[in-house]
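A short write-up of the structure that comes next.
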Amino acid sequence: MIDKIGLVCIWVLDQDEALDFYVGKLGFSPHTDIEAEGMRFVLVTAPQQPDVPMMLVVPGPPVMDEATAEQVRSLVAKGFLGPGSLVTADCRKTTEELRARGVEILEEPEERFYGIDAGFRDPFGNHWRLTELLPAD
């Protein structure tokens, strides 16, 4: 049986720019940055979740052919490959901190049935949710 998630891949268009954004603006920690097997492996981790790295991947060979890579780049730029939600203890405060760091906020914090939620995007178009979860019952 599957025990847990070990790696999450995020499509980006430039790994250096992605490192600057995810580490410099969002506060992730650098994990791995190596050349191996014909590609660059760039991984970052959330401060309180170092056991689940996010791999910042540029679409293209050797992972996929150039025609497919162009389709993926287009979908990323349009914001159609939103990876999911990042959790924070205070959505309103974190939204303001991200805005001050130059992060594009798409949706202001709003109360939802699961907590307080906002939306932002990375420089490539990936649409993220920023979520302050309600305490578990």
Side-chain angles (χ1 to χ4, degrees):
M1 281 305 206
I2 295 170
D3 294 323
K4 62 182 185 174
I5 296 171
L7 175 73
V8 176
C9 294
I10 308 299
W11 296 114
V12 300
L13 306 182
D14 180 287
Q15 288 172 310
D16 290 322
E17 187 178 0
L19 259 176
D20 182 56
F21 180 79
Y22 284 92
V23 173
K25 295 189 185 292
L26 299 188
F28 281 73
S29 301
H31 180 281
T32 303
D33 189 348
I34 62 168
E35 295 276 343
E37 301 177 18
M39 62 184 282
R40 183 177 175 198
F41 289 80
V42 178
L43 288 77
V44 297
T45 59
Q48 294 183 30
Q49 202 171 23
D51 61 328
V52 183
M54 286 191 346
M55 186 168 154
L56 307 173
V57 185
V58 175
V63 176
M64 64 186 70
D65 63 71
E66 190 53 43
T68 302
E70 183 54 41
Q71 291 174 339
V72 172
R73 287 191 290 269
S74 177
L75 290 170
V76 168
K78 292 177 182 177
F80 285 112
L81 297 180
S85 178
L86 300 173
V87 175
T88 180
D90 187 333
C91 186
R92 289 183 175 88
K93 179 181 174 188
T94 302
T95 298
E96 291 309 314
E97 290 171 349
L98 295 179
R99 187 189 324 274
R101 293 178 185 170
V103 174
E104 182 181 358
I105 304 300
L106 299 174
E107 295 177 44
E108 295 298 324
E110 184 178 331
E111 292 192 27
R112 310 248 179 165
F113 70 92
Y114 51 84
I116 301 172
D117 183 82
F120 71 93
R121 62 185 235 155
D122 73 9
F124 315 104
N126 288 309
H127 183 159
W128 283 98
R129 304 308 302 169
L130 180 65
T131 307
E132 176 185 337
L133 297 170
L134 288 174
D137 290 337

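Residues F124 and D14 are in side-chain contact: their nearest non-hydrogen atoms beyond the backbone lie under 4.5 Å apart. In this structure the side chain of M64 never reaches within 4.5 angstrom of the side chain of Q71, judged on heavy atoms. The shortest distance between side-chain heavy atoms of D117 and E110 does not fall below 4.5 Å. Proximity of I105 to L130: side-chain heavy atoms (C-beta onward) are nowhere separated by under 4.5 Å. H127 is listed as a side-chain neighbour of E107, based on a closest heavy-atom distance under 4.5 Å. Under the 4.5 Å side-chain criterion, counting only non-hydrogen atoms from C-beta, L86 is in contact with F120. Considering only heavy atoms from C-beta on, V58 stays 4.5 Å or farther from V42 through its side chain.
Linking ILVMFWY residues whenever their side-chain heavy atoms come closer than 4.5 Å, directly or via other members, leaves Y114 and W128 in distinct clusters.
Taken from CG in L19 to CD in E17, the straight-line distance is 11.0 Å, to the nearest 0.5 Å. Atom CD of E108 and atom CG of L106 lie 10.0 Å apart (nearest 0.5 Å). For the atom pair L43 CG and Q15 CD, the distance stands at 9.5 Å (nearest 0.5 Å). One distance of note links CD of E96 with CG of D90; it measures 10.5 Å at 0.5 Å rounding. Atom-to-atom distance recorded for T94:OG1 and R99:CZ is 12.0 Å, nearest 0.5 angstrom.
Around CD of E66, the count of heavy atoms belonging to other residues, nucleotides or ligands within 6.0 Å exceeds 12. Within 6.0 Å of atom CD1 in I5, 12 or fewer heavy atoms from other residues, nucleotides or ligands are found, so the atom counts as exposed in its surroundings.
Among all heavy-atom pairs drawn from P30 and V44, the shortest one is CA-CG1, 4.4 Å. Of all heavy-atom pairs between P50 and H31, the closest is O-CD2, 4.4 Å. Nearest heavy atom pair, residue V63 against residue W11, reads CG1-CH2, 4.3 Å. The shortest non-hydrogen separation linking R92 to P109 is CG-CB, 3.8 Å. Taking every heavy atom of both residues into account, N126 and P83 meet most closely at CB-CD, 4.0 Å.
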- Task: Could you check T45 against Q49 for side-chain contact (heavy atoms from CB on, under 4.5 Å), going step by step and ending with a plain yes or no?
- Result: CA-CA 7 Å; T45 59; Q49 202 171 23; over 6 Å; no

- Task: Test side-chain contact (heavy atoms from CB on, under 4.5 Å) on E111 and I116 and set out the steps.
- Result: CA-CA 4 Å; E111 292 192 27; I116 301 172; 4.0 Å; yes

- Message: Pair V72, L81 - check side-chain contact (heavy atoms from CB on, under 4.5 Å), show working.
- Response: CA-CA 9 Å; V72 172; L81 297 180; 4.1 Å; yes

- Worked check of side-chain contact (heavy atoms from CB on, under 4.5 Å) between D51 and K4: CA-CA 10 Å; D51 61 328; K4 62 182 185 174; 3.8 Å; yes

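Looking at E132 and K93, no side-chain N of the basic residue comes within less than 4.0 Å of a carboxylate O on the acidic one, giving no salt bridge.
With hydrogens and angles ignored, the 3.5 Å screen pairs a side-chain donor or acceptor of T95 with a backbone N or O of C91.
Between K25 and the options F21, F28, Y22, a side-chain contact (heavy atoms from CB on, under 4.5 Å) holds for only F21.
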